[in-house]
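Since the model is a prediction, treat every value here as computed from it, not as a measurement. So that the names make sense, note that chain A is the first sequence line, chain B the second, and so on, each numbered from 1.
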Amino acid sequence: MSDNGISHENLPSSEQESAHGEVERAHDPFVDPGMPAHRPRIQDIDERAAKRSERTVAGLFTLSMLATIGFIACFVAFPVDKIVYVWPFGHVSALNFSLGLTLGVALFAVGAGAVHWARTLMSDVEIIQERHPIEATPEVAAQAKRDFLQGAAESGFGRRKLIRNTMFGALALVPLSGVVLLRDLGPLPEDKLRKTFWKKGLMLINQNTNEPLRPEDVTVGSLTFAQPEGLDEHNENFNNEIAKAALMIVRIQPADIKDKRELEWSHEGIVAYSKICTHVGCPISLYEQQTHHVLCPCHQSTFDLSDGARVIFGPAGHALPQLRIGVNGEGYLEALGDFDEPVGPSFWERG
Amino acid sequence: MSTASDEKSRQAPAGERVADWADGRLGIYGAAKGMVRKVFPDHWSFMLGEIALWSFVVIILTGVYLTLFFHPSMNEVVYDGSYVPMQGVRMTEAYASTLDISFDVRGGLLIRQIHHWAALIFVAAMLVHMMRVFFTGAFRKPREINWVFGFLLFVLALFTGLTGYSLPDDLLSGTGVRFAQGAILSTPIVGTYISMFLFGGEFPGHDIVARFYSIHILLLPGIMLGLVVAHLILVFYHKHTQFAGPGKTNNNVIGAPFMPIYMAKAGGFFFLIFGVIAIISAIATINPVWAIGPYRPDQVSTGAQPDWYLGFSEGLIRVMPGWEINVWGHTFVLGVFIPLMIFPMVLVVLAVYPFIESWVTGDKREHHILDRPRNAPTRTGIGVAWLTWYFVMLVGGGNDIWATHFHLSINTITWFVRIAFFVAPVVAFVVTKRICLGLQRRDAEKVLHGRESGIIKRLPHGEFIEVHEPLDQSALHTLTAHEQYKPAEIGPTVDENGVERKASPTEKLRVKLSKGYYGEGNQIPKPTAEEYNEITSGHGHH
């Protein structure tokens with residue numbers, strides 16, 4: 001009988017059952033011959049071999065001592081910035097290389113010595129130990145259960161339901177304080193993921209030159225990264241802002257732009273798209289001039305910048321948001337507003 | 001004035017007197033009784049778990065050292081350390097202190113590299129150890145809980161690794177954190193809240209390094225240390241499993257005693273592991289954080305990869321089609337959320353396997369004799385299928401690396417992985433099972449007809465035969481010691497009172513699975529004594 005309603009007949013018979021009785025043994029060709037006799041090693045019979053092993057072990061331990069001394073010597077001798085050429089590893093830090101090797105040898109030799117000692121000189125006579133079932137004997141199990149029931153009965157836990165229920169209530173509520181305390185781990189999302197630094201009239205600043213961009217700076221085939229005017233590396237929240245505001249700018253022959261709105265939002269074929277991938281937020285940085293495809297190097301989402309930056313391959317779920325741009329009175333490229341949809345990875349409230 | 005017992009204890013050696021003192025307070029002699037000469041069986045594969053254990057110790061030792069120099073802060077500083085290319089660059093203190101550890105602290109680079117290499121080796125050793133336990137059936141009763149402990153260690157190690165390699169705040173690690181944040185955002189309803197709470201606001205904020213730091217050095221390793229201790233206590237308590245062999249039964253354990261053999265071997269093994277990792281760290285650079293600069297959310301490098309053990313989750317996210325559904329003003333980001341959910345499932349299917357198998361076999365007995373993988377073809381097939389699945393995803397995670405190194409199209413690789421995700425495990429299962437059955441047949445052949453000796457004999461009538469040598473008794477026993485289950489059957493559908501009962505769907509499923517495991521064609525019946533006697537008493541015809 002078992003819990004699954006199958007009988008033990010389907011289980012293979014256990015070993016004791018199949019190997020009982022001497023008569024049966026004689027007929028069983030596969031009988032367990034018992035533990036083989038111990039075969040002595042060369043060290044067990046030849047004292048010279050044992051001595052050799054002893055010397056090897058002692059030699060390894062001595063080598064370890066020397067390596068530790070070498071480690072200290074290297075630590076003192078090599079300046080931290082010294083670079084040396086070591087074949088075949090190339091140019092390496094002398095300190096890192098020498099410390100690692102000496103430390104490695106010092107440790108390895110201790111281990112090798114100990115293992116060699118165990119293998120050649122310590123007794124290798126195998127020992128048999130009996131196993132005992134993990135589960136308790138029926139008497140012990142019964143006693144444990146009795147003890148538990150007695151303890152439970154003496155507590156009155158089952159009888160005084162009011163105590164029990166209020167205790168469960170109290171214990172269930174107490175952790176709530178801990179949960180409440182975690183509230184200030186961070187602010188609520190609100191519309192933080194919907195807004196970026198961009199707003200109407202902000203000039204597009206070339207990230208390489210830190211100068212405002214003019215349309216004539218953007219040539220066909222080039223990829224320019226830009227950030228909003230007024231966003232400075234030294235700002236406290238620069239990283240949070242640039243994580244949303246980063247822009248890539250390319251110029252495409254207006255005739256090659258397939259998406260009507262894209263053309264409208266561009267300035268004479270200069271289009272500005274969010275640089276942040278809509279998959280999980282890596283900055284997109286690979287641009288193929290001929291096809292106007294951009295590729296995110298993290299997960300290979302590919303977008304067609306000449307067709308509304310729609311996804312043409314990879315795991316991204318939607319097109320890159322486009323920033324509507326124009327030219328201000330002084331002839332610089334400027335934003336005509338913020339992105340009209342959240343940039344970066346999708347989220348539940350995005351809609 | 002002194003008493004007689006004082007006289008006596010003065011004569012005992014100092015070590016013994018200390019031990020006596022400790023015994024009076026801790027009872028160490030009682031505890032040592034079964035421990036000092038505890039027997040452990042020997043097999044090379046039992047060493048894999050030790051690699052994991054000792055690399056864990058190496059990680060803790062080197063990790064403590066690193067905390068002395070690392071500043072888990074995202075305050076921005078202008079670097080003025082000795083690494084010239086970064087001088088004057090704005091970066092977080094976390095990154096600057098990592099550069100200091102690498103370039104200004106003597107031996108700091110070595111310890112950092114040992115820490116990282118040991119982490120990679122730790123997870124690899126755990127995976128291989130887990131596979132050893134899986135393929136030999138060592139997870140069976142009474143060791144299921146220890147299997148779960150080991151599994152939890154593996155999962156916690158993945159997250160300790162993730163929080164660890166995110167700390168330097170270099171361009172690569174920040175990209176990894178961004179990926180994690182983007183994945184969190186995909187969670188329906190609560191995604192944005194979890195993200196805001198985890199990062200203390202918008203990404204990247206100013207808190208994540210400090211938070212990951214306490215998770216990485218305190219929370220997770222603390223839990224892991226407890227689990228490692230529990231894991232080892234259970235290994236001692238259950239006594240180690242052993243392979244079948246002469247003298248070895250389910251009720252004994254044969255091997256060498258803990259003291260002195262395993263004290264020297266296992267203790268020495270710590271030094272071997274540490275030594276090898278130190279040498280690797282001397283000659284092979286790992287995670288050169290100085291190469292690509294500090295993290296900025298608008299910058300990225302190509303070929304960004306997580307540490308190998310998270311490569312499979314990277315693969316999931318890379319090959320998943322970008323499904324996104326907008327309904328009622330909300331977005332289901334399935335293209336990210338589905339991989340995020342498959343990621344734990346990949347691991348959980350492995351964790352629950354022992355319980356599924358024990359349900360199918362209905363076997364409630366203790367098992368201390370290990371299976372040879374070939375003798376459990378279905379289990380072995382499942383294990384290889386899982387590994388195949390895992391490595392297919394790993395290929396997906398490195399699809400850009402495969403593309404650039406082997407000059408392949410990234411689209412082709414991605415499509416290959418998409419299809420292989422479903423097909424490869426099935427193929428691996430079928431092939432593995434066939435191989436196991438073939439090996440079982442070969443074992444039966446060997447038992448019945450002996451070992452091929454390579455000696456060709458010419459018979460008087462001109463026929464050539466190969467002489468087969470009979471196996472010795474130990475080999476005969478070893479090759480036939482495994483148990484073979486009979487497939488379960490649906491019990492009587494009419495009980496003793498003539499009342500009909502319907503077999504429940506779960507019972508039907510169990511019977512079906514059991515047939516798949518042990519039914520005809522799913523295992524080769526091992527040679528019986530009768531078969532053997534018939535053949536050996538005959539005239540050597542084969």
Between [options], who has the most heavy-atom pairs with chain B when the cutoff is under 4.5 Å?
options: Ala112(A), Pro283(A), Gly34(A); value: Pro283(A)
options: Asn240(A), Val311(A), Val115(A); value: Asn240(A)
options: Gln207(A), Glu126(A), Arg350(A), Lys275(A); value: Glu126(A)
options: Gly344(A), Ser346(A), Ala114(A), Ala246(A); value: Ser346(A)
options: Leu182(A), Ile134(A), Ile276(A); value: Ile134(A)
options: Ser285(A), Ala109(A), Pro133(A); value: Pro133(A)

Does any heavy atom of chain A fall under 4.5 Å from the side chain of [X], the backbone, both, or neither of them?
X: Arg37(B); value: both
X: Ser301(B); value: backbone
X: Pro527(B); value: both
X: Asp472(B); value: neither
X: Val39(B); value: both
X: Thr506(B); value: neither
X: Tyr532(B); value: side chain
X: Gln305(B); value: neither
X: Ile114(B); value: side chain
X: Phe337(B); value: neither
X: Thr414(B); value: side chain
X: Gln473(B); value: both
X: Glu76(B); value: side chain

- Query: Just by modelled atom types, is the Leu231(A) backbone N or O under 3.5 Å from a matching donor or acceptor in the Asn235(A) side chain?
  - Reply: no
Out of [options], which one racks up the most heavy-atom pairs below 4.5 Å with chain A?
options: Ala304(B), Pro339(B), Pro204(B); result: Pro204(B)
options: Ile189(B), Leu334(B), Val447(B); result: Ile189(B)
options: Asn326(B), Leu479(B), Ile280(B), Val253(B); result: Val253(B)
options: Thr192(B), Ile277(B), Leu476(B), Thr285(B); result: Thr192(B)
options: Ala180(B), Gly182(B), Ala282(B); result: Ala282(B)
options: Lys38(B), Arg106(B), Met320(B); result: Arg106(B)

Least distance between heavy atoms, [X] atom then [Y] atom:
X: Phe30(A); Y: Ala529(B); answer: CE1-N, 3.9 Å
X: Val280(A); Y: Ala183(B); answer: CG1-N, 3.9 Å
X: Gly113(A); Y: Val57(A); answer: O-CG1, 3.6 Å

- Show your working on salt bridge (charged side-chain N to carboxylate O under 4.0 Å, His left out) between Glu202(B) and Lys244(A) and close with a plain yes or no. CA-CA 10 Å; Glu202(B) 288 183 75; Lys244(A) 293 185 293 184; 2.6 Å; yes
Answer yes when [X] and [Y] have at least one side-chain N-carboxylate O distance shorter than 4.0 Å, and no when they do not.
X: Lys364(B); Y: Glu135(A); answer: no
X: Glu233(A); Y: Arg296(B); answer: yes
X: Arg318(B); Y: Asp400(B); answer: yes

- Task: Show your working on side chain to side chain donor-acceptor pair (under 3.5 Å) between Asn239(A) and His206(B) and close with a plain yes or no.
- Result: CA-CA 9 Å; Asn239(A) 274 335; His206(B) 299 280; over 6 Å; no
Take the angle between the ring planes of [X] and [Y] and call it parallel below 30°, perpendicular above 60°, tilted in between.
X: Phe203(B); Y: Phe199(B); answer: perpendicular
X: Trp348(A); Y: His330(B); answer: parallel
X: Phe97(A); Y: Phe89(A); answer: tilted

Measuring heavy-atom distances to chain B, does [X] have an atom under 4.5 Å in its side chain, in its backbone, in both, or in neither?
X: Glu236(A); answer: both
X: Ser301(A); answer: neither
X: Leu247(A); answer: neither
X: Lys192(A); answer: both
X: Ile128(A); answer: both
X: His279(A); answer: both
X: Leu95(A); answer: side chain
X: Phe238(A); answer: side chain

- Message: Using a 6.0 Å cut-off, check whether atom CZ of Arg119(A) has over 12 heavy atoms from anything other than its own residue.
- Response: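 No - once you tally the heavy atoms of other residues, nucleotides and ligands closer than 6.0 Å, there are 12 at most.
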- Query: Between Cys298(A) and Cys282(A), is the SG gap short of 2.5 Å?
  - Reply: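 Yes; the two sulfurs sit under 2.5 Å apart.
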- Item | Exercise: do Gln300(A) and Asn399(B) side chains pair donor with acceptor under 3.5 Å |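 Checked: Gln300(A)/Asn399(B) side chains pair up, N/O donor to acceptor below 3.5 Å.
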- Query: Between Arg143(B) and His368(B), is any side-chain donor less than 3.5 angstrom from a side-chain acceptor?
  - Reply: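 Judged by distance alone, the side chains do pair up.
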Working to the nearest 0.5 Å, report the span between [atom1] of [X] and [atom2] of [Y].
X: Thr196(A); Y: Ile242(A); atom1: OG1; atom2: CD1; value: 10.0 Å
X: Asp298(B); Y: Ile284(A); atom1: CG; atom2: CD1; value: 12.5 Å
X: Tyr485(B); Y: Thr361(B); atom1: OH; atom2: OG1; value: 4.5 Å

